2 protein chains.
Amino acid sequence: MDLVNTTTLLRQHGVRVTAQRIAVLRAVSDQPHSTADDIDKVVRADIGTISRQAVYDALTALTDTGLLRRIQPAGSPARYENRVDDNHHHLICRTCNCMVDVDCAVGETPCLTAADDCGYEIDEAEVVYWGLCPECATTYRNESTRRKRKDRRV
Amino acid sequence: MDLVNTTTLLRQHGVRVTAQRIAVLRAVSDQPHSTADDIDKVVRADIGTISRQAVYDALTALTDTGLLRRIQPAGSPARYENRVDDNHHHLICRTCNCMVDVDCAVGETPCLTAADDCGYEIDEAEVVYWGLCPECATTYRNESTRRKRKDRRV
DNA sequence: ATCAAAGTATGGATCTAGTCAATACAACCA
DNA sequence: TGGTTGTATTGACTAGATCCATACTTTGAT
């Protein structure tokens with residue numbers, strides 16, 4: 001995404017255009033699933049300086065206007081991605097916390113129907129698949145064959 | 001759940017039986033979706049004294065042995081429940097954060113199949129439905145008819 | 001029943017992710 | 001090209017959770 005497009009995008013969404021916001025939006029686009037801290041580092045390398053607060057402000061503004069999506073998986077700081085217009089889900093590794101996108105198994109506008117909505121007005125179904133990524137699964141198998149696990153009370 | 005059953009349950013799971021753990025387990029059973037802080041308060045009222053650390057330790061131990069399940073919804077401290085053996089999901093209100101259980105729409109051992117598992121070994125599908133609970137939905141509708149919303153740049 | 005080993009509780013320090021508040025600054029509209 | 005309004009910066013602050021060292025319990029073995 002080039003500078004002009006990024007600027008236009010911000011303007012279209014009624015967001016004031018600042019160097020910080022452009023840099024934040026581009027950082028997330030370049031590397032989806034980044035944490036605020038990741039983004040802070042990237043932006044700092046990119047435009048020289050930015051405050052931590054500005055990163056949070058920009059992420060909040062961009063999320064509120066629908067340019068970014070915030071993901072807050074259990075046991076991890078919030079992550080951001082720019083793929084906002086489809087209903088996709090995430091696959092997260094319990095060991096290394098790496099995350100990949102996965103399309104919804106159900107269909108177009110899926111998952112929004114709970115068995116019983118209890119009177120709630122549901123607007124989003126968030127699906128997270130937890131497991132082991134290929135690398136961690138391999139590592140785990142090797143380790144468990146190598147060393148015998150001894151029983152341990154908790 | 002009475003004292004004897006709770007004790008037996010802990011022992012069956014290879015967890016040492018202490019007053020604190022019994023109290024924690026019972027507190028969660030009595031009031032599912034409690035936060036660590038809620039539990040701390042209840043247990044303190046129940047057995048007189050417990051350290052915050054002991055609450056966390058107990059919750060971790062009970063979660064690790066499968067007696068409790070930890071839920072960590074976005075924007076909320078971790079919550080705990082004792083309904084662990086079925087695959088049920090949660091409905092959370094964006095406004096008041098209240099949470100109710102909801103059975104899985106798909107079936108018995110559901111949702112575990114992503115469209116493409118990317119080589120991951122998936123062991124859990126976590127589904128959270130976000131929306132407005134009946135009370136908050138009513139409140140919201142009243143407010144939005146009462147005051148006109150003005151456009152606001154971000 | 002008693003004892004030693006191993007696990008657990010306590011209190012206090014510490015950490016991380018994130019928010020708040022005040023001032024300085026920049027974007028944008030007239 | 002101001003003037004208004006929103007944004008960035010800095011620094012203090014908070015909640016939630018974890019780490020550490022010491023003291024205390026539980027429990028299996030004697």
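A, B, ... follow the sequence lines: proteins, then strands. Residue 1 opens every chain. These numbers come from a predicted model, not from an experiment.
Taking each heavy atom of A:Val55 and A:Ala36 in turn, the nearest pair found is CG1-O, 3.8 Å.
For A:Asp64 and D:dG6, the CG to C1' distance is 15 Å, given to the nearest whole Å. In this structure, CG of A:Asp38 is placed 14 Å from P of C:dT16, rounded to the nearest angstrom. The CG atom of B:Asp40 sits 11 Å away from the P atom of C:dG11 (whole-angstrom rounding). Regarding B:Asn97, its CG atom lies at a distance of 16 Å from the P atom of D:dA15, rounded to whole Å. If you measure from atom CD1 of A:Ile22 to atom C1' of D:dT7, you get 14 Å, rounded to the nearest angstrom. The CD-C1' distance, from A:Gln53 to D:dG6, rounds to 14 Å in whole Å. Distance, A:Ile47 CD1 to D:dT7 P: 16 Å, rounded to whole Å. Regarding B:Arg16, its CZ atom lies at a distance of 17 Å from the P atom of D:dC24, rounded to whole Å.
Distance from the side chain of A:Ala54 is smallest to D:dA8 among C:dC28, D:dG16, D:dA8. Residue A:Thr18 has its side chain nearest to D:dA8 when only D:dA8, C:dC28, D:dA17 are considered. For B:Pro77, counting side-chain heavy atoms from C-beta on, the closest listed nucleotide (D:dA17, D:dT5, C:dA9) is D:dA17. Considering only the side chain of A:Tyr56, C:dT19 comes nearest among D:dT18, C:dT19, C:dT10. Considering only side-chain atoms of B:Asp57, the nucleotide from C:dT10, C:dA21, C:dG18 that sits closest is C:dT10. Checked against D:dT26, C:dT19, C:dT10, the side chain of B:Ser51 finds its nearest nucleotide in C:dT10. Here the side chain of A:Ile50 is nearest to one of D:dT9, C:dG18, C:dC28, namely D:dT9.
Counting non-hydrogen atoms under 4.0 angstrom, A:Gln20 reaches the backbone sugars and phosphates but no base. B:Ala58 comes within 4.0 angstrom of nothing in the nucleic acid, heavy atoms only.
The CD1 atom of A:Ile39 sits 11.0 Å away from the CG atom of A:Asp30 when rounded to the nearest 0.5 Å.
With hydrogens and angles left out, the side-chain atoms of B:Asp38 and B:His33 include no donor and acceptor closer than 3.5 Å. Side-chain atoms of A:Glu126 and A:His89 form no donor-acceptor pair, as typed in the model, at a separation below 3.5 Å.
Between A:Arg11 and the phosphate of C:dC28, there is a side-chain N or O to OP1/OP2 separation shorter than 4.0 Å. Between C:dG12 and B:Arg52, no contact under 4.0 Å exists linking OP1 or OP2 to a side-chain N or O.
In this structure, the side chain of B:Arg44 engages the main chain of B:Ile50 through a donor-acceptor pair within 3.5 Å.
Taking the nucleotide of DNA chain D with the nearest heavy atom to each of B:Val17 and B:Asp37, the more 5' of the two is matched to B:Asp37.
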